[in-house]
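Data block below; observations after.
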Amino acid sequence: MIKITLPDGSSRDVESGTTPAQIAAEIGPGLAKAALAARIDGEVRDIMRPLEADTELALITSRDEADALELARHDYAHVLAEAVQALWPGTQITFGPATDDGFYYDVMAPESRAPFSMDDLPAIEEKMREIISADKPLIREAWSRADLIKRWQDGGEAFKAEWAAELPDGEELTVYWSGEPGSDGAWMDMCRGPHLASTGKLDPKAFKLTRVAGAYWRGDQKNAQLTRIYGTGWLNKKQLNAHLHMLEEAAKRDHRKLGQEMDLFHLQHEAQGSVFWHPKGYMIWRELEAYMRRKMDGAGYNEIKTPQLMDVRQWTQSGHWGKYAENMFAVPDMVPDVESEEEAVAPKVADDADWMAIKPMNCPAHVLVFKQGIKSYRDLPVRLGEMGCCHRNEPHGALHGLMRVRQFTQDDAHIFCTEDQVVDEVRAFCRLADSVYQDFGFTYHVKLALRPEQRFGSEEDWDKAEQELRDAVAEAGMDNDDYGWEELPGEGAFYAPKLEWHLTDAIGRTWQVGTIQGDRVLPERLDASYVGEDGGRHRPVMLHRAIFGSYERFIGILIEHFAGRMPCWLAPVQAVVATITSEADGYAGEVEAKLKAAGIRVEADLRNEKINFKVREHSLAKVPHLLVVGGREAEEGTVAIRTLGSQGQRIMPVEEAIAMLKDEATPPDLRN
RNA sequence: GCUGCUGUAGCUCAGUGGUAGAGCGCGUCAUUGGUAAUGACGAGGCCGGGAGUUCGACUCUCCCCAGCAGCACCA
């Protein structure tokens with residue numbers, strides 16, 4: 001007999017070999033039906049897998065959403081692979097895990113047919129529904145490595161065979177059958193599990209195959225290219241629909257689409273990955289920049305401006321040229337030869353030309369500013385800020401609208417401080433970042449990215465650097481679930497651990513923006529020092545930090561977060577005065593002038609168009625306030641205000657409207 | 001960078017081996033209207049770039065470039 005302890009503290013004694021499903025049945029028929037899997041001593045396991053020792057057991061039902069989703073998605077992936085092989089025998093299967101919103105499976109089409117495409121998805125979906133409807137039991141079996149390899153080799157499954165041969169020794173190798181093992185139509189995959197009890201536990205209406213894409217065997221570019229079939233999978237149709245709706249919403253908010261519609265910016269291939277900001281888009285930038293200047297000035301930073309181009313020798317010394325040269329833009333330091341009559345397609349570069357490189361980051365330049373003159377411990381902390389324009393030669397395939405660009409401007413700063421000041425500085429930064437994100441209405445998670453495998457610096461330095469960041473977050477009161485506090489092993493930069501701020505936007509997506517990193521490597525490499533109390537030279541710690549990350553990306557996030565409807569203080573045009581008939585033109589001009597004098601970004605729309613048309617246009621342009629004026633308003637000295645997102649209008653005297661708009665147009669940090 | 005798809009008017013897109021079309025936008029004219037599209041007429045295109053096949057290529061083939069999706073990358 002073995003002893004099973006349940007979550008409510010009760011326990012029962014059962015025969016060894018009893019399954020969680022049987023225990024569920026003993027507790028009640030309702031639970032037996034609802035139970036999807038079991039948590040055994042904290043580990044999720046199949047509900048049909050026999051128990052062999054004393055354990056703590058908790059049954060997982062669809063109420064345990066995270067676990068249930070993970071199980072269902074993993075099962076969908078298996079059903080997907082089974083369906084593909086049923087439809088096209090000879091297809092090789094590889095891996096198929098759950099993802100954040102569904103699942104995928106990497107497969108290789110047989111030679112007899114072309115790689116899978118979107119056109120194949122409906123047939124695969126149909127077959128998957130059949131498999132689900134058949135309610136095939138999912139049965140776990142342990143196999144020997146030799147049997148497994150033979151099985152895969154016999155089946156022509158080269159990828160699986162390769163993987164089976166490399167699975168670590170000592171791990172039990174398991175397969176899952178879909179259908180009674182060996183029976184007609186039974187299918188199997190090598191898998192660690194766990195799985196649901198049968199395919200029928202899945203909802204045939206709660207998944208959808210979404211796309212196909214190329215992926216490499218084991219994620220390595222050198223390996224064979226497979227076809228990855230993606231699906232989104234949920235526990236029920238309602239969840240699926242909600243998710244599909246979110247995707248539609250995200251497509252509507254796409255900053256690239258809105259950027260064009262709202263005339264904010266454009267990209268063109270003569271300057272790929274670099275943004276052409278139009279007047280309206282740059283107005284958002286200017287407001288953000290002014291805001292951030294006020295914030296940083298108020299927090300004791302000093303703003304500087306450093307060179308775009310520096311001698312490659314400088315980048316060699318900082319270590320960037322050795323490690324990141326392939327992502328840097330370099331230019332020869334030479335006068336081009338213009339003698340030639342030919343058009344200078346490719347200027348000749350002399351063999352002995354010196355090379356300069358455009359900065360991919362601001363830190364080395366900031367160290368050089370810090371190093372000017374002699375710094376005393378009394379001068380520290382030194383906080384140097386820069387709206388630093390950087391260039392990184394990102395791979396073509398990585399570029400994406402404003403989110404991933406080659407030229408970007410960071411709200412960058414470096415804090416040079418003593419060892420004793422690190423925690424205080426990091427804590428102050430946590431508070432500063434918090435106030436900024438709150439001003440934009442974002443919630444966020446704070447994460448600590450710990451030392452990566454490849455890194456500079458001693459273990460003691462890393463221990464210390466990680467602990468400092470932890471302590472600072474604790475002191476700021478953010479090391480808890482409210483702030484999504486989490487530590488991410490192996491995710492840090494090669495020179496420092498980093499705190500990361502992940503914003504959650506209006507439709508639930510997350511974006512990593514802010515960061516602070518405690519760096520002891522660069523001050524060493526560039527020989528930065530200060531004179532301590534003892535009269536000796538000491539290394540400052542260098543904190544790299546940013547709150548927006550980059551203006552480009554942050555504006556992209558804001559556009560998507562607000563779906564283009566920027567809060568009034570950021571809106572490029574805050575109000576439009578629109579006339580109903582031309583007899584109100586004069587009055588509209590007066591109203592416009594008054595609003596301008598009050599500092600409101602206003603335009604007058606005197607076009608010979610119907611008011612319906614004007615309302616529609618300015619609503620689509622997402623102008624926060626529309627001030628409609630006709631004969632009545634002109635006579636009474638009023639305006640009829642229609643606010644974006646509301647249906648009706650309010651008639652009020654011009655002065656009142658100005659006061660209201662002025663208030664709304666005040667940046668959040670200047671209120672009260 | 002890799003794989004796949006796409007590239008036609010300012011925008012969104014249709015189209016055919018015989019040098020192109022729609023809607024919106026733009027211009028002109030008429031219309032002066034009360035809160036999400038007034039009507040008529042008109043002007044816009046080297047059909048991404050290069051090479052090839054062909055009597056003839058926007059259309060077929062190849063190469064290049066860019067965009068999109070995914071992968072890889074993201075100091």
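Residue numbers begin at 1 in each chain, while the letters A, B, ... track the order of the sequences.
The nearest whole Å value for the distance from the NE2 atom in A:H266 to the P atom in B:C11 is 10 Å. With rounding to whole Å, A:Q454 atom CD is found 13 Å from B:A75 atom P. Note: CZ (A:R228) to C1' (B:C2) measures 13 Å, nearest angstrom.
Nucleotides B:C58 and B:C65 are separated by 22 Å at their P atoms, to the nearest Å. Using C1' as the reference atom, B:C55 and B:G15 are 24 Å apart when rounded to the nearest Å. Nucleotides B:G10 and B:C47 place their P atoms 12 Å apart, quoted to the nearest Å.
In this structure, A:E125 contributes its side chain and A:L209 its backbone to a donor-acceptor pair below 3.5 Å.
With the nearest nucleotide of RNA chain B identified for both A:Q260 and A:P360, A:Q260 has the one nearer the 5' end. Nearer to the 5' terminus of RNA chain B, by closest-nucleotide assignment, is the contact made by A:G397 (compared with the other of A:F494 and A:G397).
Using Watson-Crick or G-U wobble geometry with both donor-acceptor distances under 3.5 Å, B:G33 finds no partner in any strand shown. Shown here, B:C68 forms a base pair with B:G4; the pair counts as Watson-Crick or G-U wobble because both key distances fall under 3.5 Å. Partner assigned to B:A75 is none, using Watson-Crick or G-U wobble distances below 3.5 angstrom. Base pairing of B:G18: its partner is B:C55, meeting the Watson-Crick or G-U wobble criterion (both donor-acceptor distances under 3.5 Å). Pairing for B:C24 is with B:G10, a Watson-Crick or G-U wobble pair whose two hydrogen-bonding atom distances lie under 3.5 Å.
Not a single donor-acceptor contact under 3.5 angstrom links the side-chain atoms of A:R392 to the base of B:C73.
A:E617 pairs with exactly one of A:R607, A:K610, A:K622 by the salt bridge (Lys or Arg N to Asp or Glu O under 4.0 Å) rule, that one being A:R607.
At the phosphate of B:A69, OP1 or OP2 sits under 4.0 Å from a side-chain N or O atom of A:H400. A close approach under 4.0 Å does not occur between any side-chain nitrogen or oxygen of A:R256 and OP1 or OP2 of B:G67.
Between A:F442 and A:F554, the two ring planes are perpendicular [angle over 60°; tilted spans 30° to 60°].
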Practice problem: With salt bridge (charged side-chain N to carboxylate O under 4.0 Å, His left out) as the test, would you mind laying out the steps for A:E552 and A:R406 before giving the verdict? | Solution: CA-CA 10 Å; A:E552 285 81 358; A:R406 284 180 160 174; over 6 Å; no

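A donor-acceptor contact closer than 3.5 angstrom links the side chains of A:Q410 and A:N362. Between the side chains of A:Q517 and A:Y495, at least one donor-acceptor pair of N or O atoms lies under 3.5 Å.
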Could you list the protein-to-nucleotides 6-8 of chain B atom pairs, N/O on both sides, closer than 3.5 Å?
none

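Looking at residues 269-278 of chain A, you'll see A:H269, A:Q272 sit with a heavy atom under 4.0 Å from some atom of RNA chain B.
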Quiz item: Could you run down nucleotides 33-45 of chain B 5' to 3' and tag each one B, S or - for protein heavy-atom contact under 4.0 Å?
Solution: BBBBBB-------

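Using a 4.5 Å cut-off on side-chain heavy atoms (C-beta onward), A:I284 and A:Y282 make no contact.
Ionic pairing of A:K498 and A:E491 is not present here: no N-O contact between side-chain nitrogen and carboxylate oxygen is shorter than 4.0 angstrom.
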